[in-house]
Q: 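One structure is given below, represented as structure tokens, and several questions about it will come after.
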Amino acid sequence: MKNKVGVWIDMSKAIIITLKGAEKEVQVIEGIDNRERIPGEGKSYTRFGSQFSNQEKQKEGRMNQQVKDYLKKVMKALTHSESIIIFGPSKMKQELAKLIMKNKDQKLRGVVAADSMTENQMVAWVVNHYKTDNH
């Protein structure tokens, strides 16, 4: 039996909807928490008087690592899927699509821009997509 999967993704969470025949399974993977100041980060200046430190590179590096870890969790959840459609409001869907394209075993059916939806709307969207897609 083929597993048809729809992934709604943004920075805060990924909702993976798996269709196995008539069964529908929903899995939520928590995303990235965009806090401005991280505990233990320290001050934006040093003890050497007027010298200031710029922690933007550290924040950017930390964010990039969080994105990689988040996408790895999502990819792990997609290992047994035959057909994948990605939809959502943010640029995260393109990042996930790039990872899926690197993995030759999985089949990406498309990437679609979509607004925020309730969980039931997401499930209905995926069911409707695969009814009309016939893959």
Q: Any salt bridge between Glu25 and Lys20, counting N to O under 4.0 Å?
A: yes

Q: Is any side-chain heavy atom of Glu119 closer than 4.5 Å to one of Val26?
A: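 Yes, their side chains come closer than 4.5 Å.
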
Q: Are any of the side-chain heavy atoms of Glu82 and Val5 separated by less than 4.5 Å?
A: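 Of all side-chain heavy-atom pairs linking Val5 with Glu82, none is under 4.5 Å.
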
Q: Within a strict 4.5 Å, meaning less than it, do heavy atoms of the Met92 and Glu95 side chains meet?
A: yes

Q: Side chain to side chain contact (heavy atoms under 4.5 Å, CB included), that's the test. Do Gln27 and Thr18 meet it? Break it down for me.
A: CA-CA 8 Å; Gln27 178 183 4; Thr18 306; 5.9 Å; no

Q: Quick one: CG on Asp115 to CD on Gln121, what's the gap to the nearest 0.5 Å?
A: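 Going from CG on Asp115 over to CD on Gln121, the span is 10.0 Å.
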
Q: Looking only at atom types and distance, does a side-chain atom of Tyr130 sit under 3.5 Å from a main-chain N or O of Trp125, one as donor and one as acceptor?
A: no

Q: Nearest 0.5 Å please: distance from the CG atom of Leu99 over to the CD atom of Gln94.
A: 12.5 Å

Q: Return the set of residues passing side-chain hydrogen bond (donor to acceptor under 3.5 Å, both in side chains) with Asn128 (not counting sequence neighbours), or none when no residue passes.
A: none

Q: Is Ser81 reaching over with its side chain to a backbone N or O of Ile84, donor-acceptor style, under 3.5 angstrom?
A: no

Q: Go through the structure and list residues passing side-chain hydrogen bond (donor to acceptor under 3.5 Å, both in side chains) with Ser90, not counting sequence neighbours.
A: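 Partners of Ser90 under the side-chain hydrogen bond (donor to acceptor under 3.5 Å, both in side chains) test: none.
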
Q: Has the side chain of Tyr70 got a donor or acceptor atom that lies under 3.5 Å from a matching backbone atom of Gln65?
A: no

Q: Please tell me if the side chains of Pro89 and Asp10 come closer than 4.5 Å, counting only heavy atoms from C-beta onward.
A: yes

Q: Just how far is it from atom CG of Asp69 to atom NZ of Lys73, taken to the nearest 0.5 Å?
A: 7.0 Å

Q: Report the residue from Val111, Ile9, Val7, Val126 that forms a side-chain contact (heavy atoms from CB on, under 4.5 Å) with Phe87.
A: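 The passing option is Val126.
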
